[in-house]
Amino acid sequence: MAPISLTFPDGNSRSFDAGVTPADVAASISNSLAKKAISASVNGQHWDLQWPINEDASIAINTMQDDAPALELIRHDLAHIMARAVQELWPDVKVTIGPVRDNGWFYDFDREEPFTPEDLGAIEAKMKEIINAREPVKTEIWGRDEAIDYYNARNEPFKVELVNRIPEGEPLRMYWHGDWQDLCRGPHLQHTGQVPADAFKLTHVAGAYWLGDNTRPMLQRIYGVAFKNRKDLKAWETMMEEAAKRDHRKLGREMDLFHMQEEAPGQVFWHANGWKIYTTLQDYMRRQQERDGYVEVNTPQVIDRKLWEASGHWDKYQENMFIVEVDEEHAREKTVNALKPMNCPGHVQVFNQGLKSYRDLPLRIAEFGSCNRYEPSGALHGIMRVRGFTQDDGHIFCTEEQIGSETKKFIAFLAKIYDDLGFKDWTIKLSTRPEKRIGSDETWDKLEKSLGDACHAAGYDFEVLEGEGAFYGPKLEFTLTDAIGRTWQCGTLQVDSNLPERLGASYIGPDGAKHRPVMLHRATLGSFERFIGILIENSAGHLPFWLAPRQVVVASIVSEADEYVNEVVAALKAAGVRAEADIRNEKINYKVREHSLGKVPVILAVGAREVEEKTVTLRRLGQKQTAVKALNEVVAELSKDATPPDLA
RNA sequence: GCUGCUGUAGCUCAGAGGUAGAGCACUCCCUUGGUAAGGGAGAGGUCGAGAGUUCAAUUCUCUCCAGCAGCACCA
């Protein structure tokens, strides 16, 4: 055997025979390392302890101390262990695939009977048995025919399909966990006993299409989460509870913001409190847009299908549009209209009125555009994914040369708004040309470059999503991170020369000839409905004072203070603060509890003492301590808090 | 749309083949209480909709509607 040289993380090299495995290497260092080893990194690649190394390389032996490989292996091995447990319990269940994902893994099974919560318990128990048996993990390379025969003999059609999908020439690797075997890329742990038996949990079962294709059979997917130790699992459970507490559907009810009902699925009945958030946010956005050189317009809800045919939406999205048919008594033919699912064709109509000069460009048209889309029933989710919503939509008509500067301007606009709204952490993604597209490669080169350059010019970096652009142009996506680390894609900017073409938009250039403008579709919040949902979940209902629908409750402690309560409320209202009185015949404890649960940011308690001294006792939401302050001082302070950030 | 689960009072939930119950909220009475539930009384439901089985259905079966968790979708 030819010698090879392996370089360790400390820079030292040693010579081994070619074909040496990381397990051998670890054993050559120490017995304890050999036992503790879980995998290796060979030239930066995650490497199974059993895989041979045939050439010079850098190597590092991983142990459970190394978080990333440890978690990946634990979760991946658990996927196999779970599949084995399921087949031991129900031998006729067919196995498919089971990747690592998020905080755990899933595995898809084909089985007639649905898995029940009791089944999950049984599977978990069986998995623990397998872990405690410390079953060895072995790997071998099989021939294609051998694998297909094996799976055919075992009646595993999904596995046969997987084998057939693996490109010729790529080795087929099999992994054994004890005497149960699965086709798998690896790597895996040394034996099942390396998986912590007390740090995983099967969470739920749901349907999932085979290979993610909705024309293929639906399988049953079992999800699990797993960590290195019980403490991390507990932390995950706590985090889940925290997320549930923030659920905007729950808070929406508790704060009396909105409701939804059967007769209007996917549409929001905004209550006074919720609508106050909405209008406050909209007023704020309107000010930003005016400042940034937009003109605001409004376009019709119900538009003849002819326009949707011309824009191309009828062809592509008819299934998702609300169609309205009007059958007038004497009409020769029915008029078929659609509720607008988007605002862009309307904005092109506005642009097309009158001759436009190059001097008019860039023309920035904004609309708080109410749209209706017939979203699939299964997609609906609270106010986050709805059928009726309002976008903070805008279209910038400009020349190709102006794309860069307009993009830069928009990024600055969006950055200011996200900052004002309390989102400090957000990222940009650039989606580039997809397979199916229109326009020349030179045009795509130019457009992608101008978007990328604009990001850099605005001082931001971006991640590239290859092939994710729209068929008509590249796009930027703006994704913000919320207080508990979840991400939400909100803003977008898309370059489009297709729609101006289809709808015949043009302007007169300096040369006196007609030219085609390009159109930048852009939104910052996305939709008010979804964004308010995000605001609620981000803040757990503790909205910033200026956005809080109810800002102050002035609560009497004794009925002798009622009159003064009304005075305080009047003073606050005069200073632009949303204040209300609570002079019900209830104890202060009761009032504090109720308004705290209602997420009112400030409670001012007023008793005999305050009446006497012209003070109030202030208590802020989430704080236990109170402060006695002079009335005029509090009015000034709260009036300042109530001012939107752009007016402060 | 697909798979699975769910639908009982405003909210959270219990219940059983013989037409319903709790806590909170609501109304009234007593209580004037100093920072997260003071006490008492009262009112409130076509048990998601329709059909079927049955002497009898809110309970069992089917269909539909809506919600929830995923999947697929998201111009």
Side-chain angles (χ1 to χ4, degrees), chain A residues 101 106 108 110-111 113-117 119 203-223 247 249-250 253-254 256 259-266 308 311-321 340-345 371 373-382 384-387 389 391 393 470-472 475 489 492 494 496 498-499 521 526-527 530 555-562 583-598 603-610 617-628:
Chain A
R101 210 191 72 159
F106 63 75
D108 290 346
D110 184 41
R111 181 193 186 212
E113 296 285 298
F115 289 108
T116 64
D119 290 343
T203 54
H204 59 284
V205 192
Y209 297 110
W210 169 232
L211 299 174
D213 181 342
N214 64 10
T215 63
R216 306 295 305 267
M218 180 148 289
L219 307 168
Q220 293 189 63
R221 176 171 294 179
I222 303 181
Y223 288 85
D247 191 316
R249 294 165 296 190
K250 180 175 177 285
R253 195 164 44 237
E254 289 171 0
D256 192 17
H259 84 273
M260 308 184 77
Q261 64 187 50
E262 260 191 47
E263 290 82 353
W308 304 114
S311 70
H313 292 101
W314 191 264
D315 238 20
K316 227 177 153 190
Y317 293 106
Q318 199 188 141
E319 293 297 299
N320 296 305
M321 286 161 74
K340 75 170 165 182
M342 53 186 343
N343 308 298
C344 21
C371 296
R373 296 180 184 174
Y374 189 77
E375 300 286 3
S377 56
L380 303 179
H381 178 83
M384 299 274 212
R385 185 81 184 270
V386 285
R387 289 184 176 156
F389 57 95
Q391 296 176 316
D393 205 359
F471 73 93
Y472 50 74
K475 60 183 177 187
Q489 198 245 300
T492 181
Q494 303 175 18
D496 181 6
N498 179 53
L499 202 60
H521 305 250
S527 92
R530 179 160 174 275
S556 58
I557 295 169
V558 292
S559 53
E560 280 71 41
D562 290 358
I583 53 173
R584 291 174 302 169
N585 176 15
E586 294 291 351
K587 291 183 136 187
I588 192 65
N589 289 329
Y590 183 94
K591 295 180 184 181
V592 166
R593 176 182 153 82
E594 185 173 291
H595 299 125
S596 297
L597 290 174
I603 299 171
L604 298 181
V606 166
R609 226 162 42 221
E610 287 80 359
T617 299
L618 182 147
R619 177 188 167 122
R620 286 191 186 265
L621 182 59
Q623 291 175 208
K624 261 200 131 44
Q625 71 273 32
T626 58
V628 181

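Note on naming: letters A, B, ... go to the chains in the order of the sequence lines (proteins, then strands), and numbering restarts at 1 for each one.
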Please confirm whether the shortest side-chain N or O distance from A:R373 to OP1 or OP2 of B:rC73 is below 4.0 Å.
no
Watson-Crick/G-U partner (both atom distances under 3.5 Å) of B:rU12
B:rA22
Base, sugar-phosphate, or nothing for A:D213, non-hydrogen atoms under 4.0 angstrom?
nothing
Taking B:rG70, B:rA75, B:rC73 as options, the one with an atom nearest any side-chain atom of A:A379 is B:rC73
My understanding is that only residues two or more places apart in sequence, or in another chain, count here; which of them pass side-chain contact (heavy atoms from CB on, under 4.5 Å) with A:E560?
A:V558
For atom C1', what is the distance between B:rU58 and B:rG15, given to the nearest Å?
11 Å
Spacing of the C1' atoms in B:rG50 and B:rC65 (rounded, Å):
10 Å
I need the A:M218 CE to A:D110 CG distance, nearest 0.5 Å.
12.0 Å
Rounded to the nearest 0.5 Å, how far does CD1 of A:I588 lie from CZ of A:R593?
14.5 Å
Tell me what A:V205 touches on the nucleic acid: a base, only sugar-phosphate, or nothing, going by heavy atoms under 4.0 Å.
nothing
Atom NZ in A:K316, atom CH2 in A:W308: separation rounded to 0.5 Å?
15.0 Å
Quick one: the side chain of A:S559 and the base of B:rU32, do they pair up donor-acceptor inside 3.5 Å?
yes
Does A:E610 get its side chain close enough to the base of B:rG34, under 3.5 Å, for a donor-acceptor pair?
yes
Just the rounded figure in Å: distance from P of B:rC74 to CZ of A:F471.
13 Å
Base B:rC74 paired with A:R385 side chain (donor-acceptor, <3.5 Å)
yes
Rounded distance [0.5 Å steps], CD in A:E610 versus OG1 in A:T617
3.5 Å
Go through the steps to decide whether A:R530 and A:F389 satisfy the test side chain to side chain contact (heavy atoms under 4.5 Å, CB included), and finish with yes or no.
CA-CA 8 Å; A:R530 179 160 174 275; A:F389 57 95; over 6 Å; no
So does A:H259 get a side-chain nitrogen or oxygen closer than 4.0 Å to the phosphate oxygens (OP1/OP2) of B:rG10?
no
Value in whole Å for how far the P atom of B:rA75 lies from NZ of A:K316:
9 Å
Is any side-chain nitrogen or oxygen of A:K624 closer than 4.0 Å to OP1 or OP2 of B:rU35?
no
Partner of B:rU35 by Watson-Crick or G-U wobble geometry, both contacts under 3.5 Å, or none?
none
Ignoring hydrogens and angles, are the base of B:rG34 and the side chain of A:T617 linked by a donor-acceptor pair under 3.5 Å?
yes
The criterion is side-chain contact (heavy atoms from CB on, under 4.5 Å); which residues satisfy it with A:P265, sequence neighbours excluded?
A:L380, A:R387
Verdict with reasoning, A:Q494 to A:Y472, per side chain to side chain contact (heavy atoms under 4.5 Å, CB included):
CA-CA 9 Å; A:Q494 303 175 18; A:Y472 50 74; 2.7 Å; yes
Sort out the partner of B:rA43 for me: Watson-Crick or G-U wobble, both distances under 3.5 Å, none otherwise.
none
Between B:rG67 (C1') and A:R387 (CZ): distance, integer Å:
12 Å
Donor-acceptor pair under 3.5 Å: do we get one between A:Y209's side chain and the base of B:rG70?
no
If you count every heavy atom of other residues, nucleotides or ligands that lies below 6.0 Å from A:E319 atom CD, does the total exceed 12?
no
Could you check how far CG of A:N343 sits from P of B:rA75, rounded to whole Å?
14 Å
Could you tell me how far apart A:N589 (CG) and B:rA36 (P) are, to the nearest whole angstrom?
6 Å
Between the protein and nucleotides 40-48 of chain B, which nitrogen or oxygen pairs are less than 3.5 angstrom apart?
none

Of all heavy-atom pairs between A:S596 and A:V592, which one has the smallest distance, and what is that distance?
OG-O, 2.6 Å
Per A:L597 side chain, nearest of listed nucleotides B:rA36, B:rC73, B:rA75
B:rA36
If I take atom CG in residue A:L621 and atom C1' in nucleotide B:rA36, what distance separates them, rounded to the nearest angstrom?
11 Å
By the Watson-Crick or G-U definition, both distances under 3.5 Å, B:rA72 is matched with none
Between P of B:rG34 and CG of A:L604, the distance in whole Å:
18 Å
Need the pair for B:rU59. Rule: Watson-Crick or G-U wobble, both distances under 3.5 Å, any strand; none if unpaired.
none
Spell out yes or no: do the side chain of A:R619 and the base of B:rA36 have one donor N/O and one acceptor N/O closer than 3.5 Å?
yes
Sequence-distant partners of A:N498, side chain to side chain donor-acceptor pair (under 3.5 Å), two or more places apart:
none
Within this structure, what is the CG-CZ distance for the pair A:L219 and A:R221, rounded to the nearest 0.5 Å?
8.0 Å
Looking at every strand, decide which applies to A:H313 at a 4.0 Å heavy-atom threshold: base, sugar-phosphate, or nothing.
base
Could you run down the sub-3.5 Å N/O contacts of the protein with nucleotides 22-28 of chain B?
{"from": "B:rA25", "atom 1": "OP1", "to": "A:Y590", "atom 2": "OH", "distance (Å)": "3.2"}

Could you work out the separation of B:rG4 and B:rA72 based on their C1' atoms and round it to a whole Å?
15 Å
When the P atoms of B:rU8 and B:rA14 are compared, how many Å lie between them, rounded to an integer?
10 Å
Side chain of A:A206 only, heavy atoms from C-beta on: which candidate in B:rA75, B:rA69, B:rG1 is closest?
B:rA69
Position toward the 5' end of RNA chain B (nearest nucleotide), A:V592 or A:E375:
A:V592
Should A:S377 be listed as having a side-chain N or O under 4.0 Å from OP1 or OP2 of B:rG1?
yes
Starting from C1' on B:rU35, measure out to CZ on A:R620 and report it in whole angstrom.
16 Å
When rounded to the nearest Å, what value does the distance between C1' atoms of B:rU6 and B:rC47 take?
14 Å
Partner nucleotide of B:rC5 by Watson-Crick or wobble geometry (both distances under 3.5 Å):
B:rG67
Nearest 0.5 Å, please: how far is NZ in A:K591 from CG in A:N589?
11.0 Å
Hey, does the side chain of A:R221 come within less than 4.0 Å of B:rA69's phosphate (OP1/OP2), counting only N and O?
no
So, OP1 or OP2 of B:rA69: does either fall under 4.0 Å of a side-chain N or O from A:R249?
yes
For A:P265, answer base if it contacts any base atom (sugar-phosphate contacts may also be present), sugar-phosphate if it contacts only those atoms, and nothing otherwise; contact means non-hydrogen atoms under 4.0 Å.
sugar-phosphate
Along RNA chain B (nearest heavy atom to each residue), the more 5'-positioned of A:F115 and A:R253
A:F115
Atom C1', compared across B:rG18 and B:rU59: separation rounded to whole Å
11 Å
So, using side-chain contact (heavy atoms from CB on, under 4.5 Å) as the criterion, who are the partners of A:R385 when residues are at least two apart?
A:E375, A:A379, A:H381
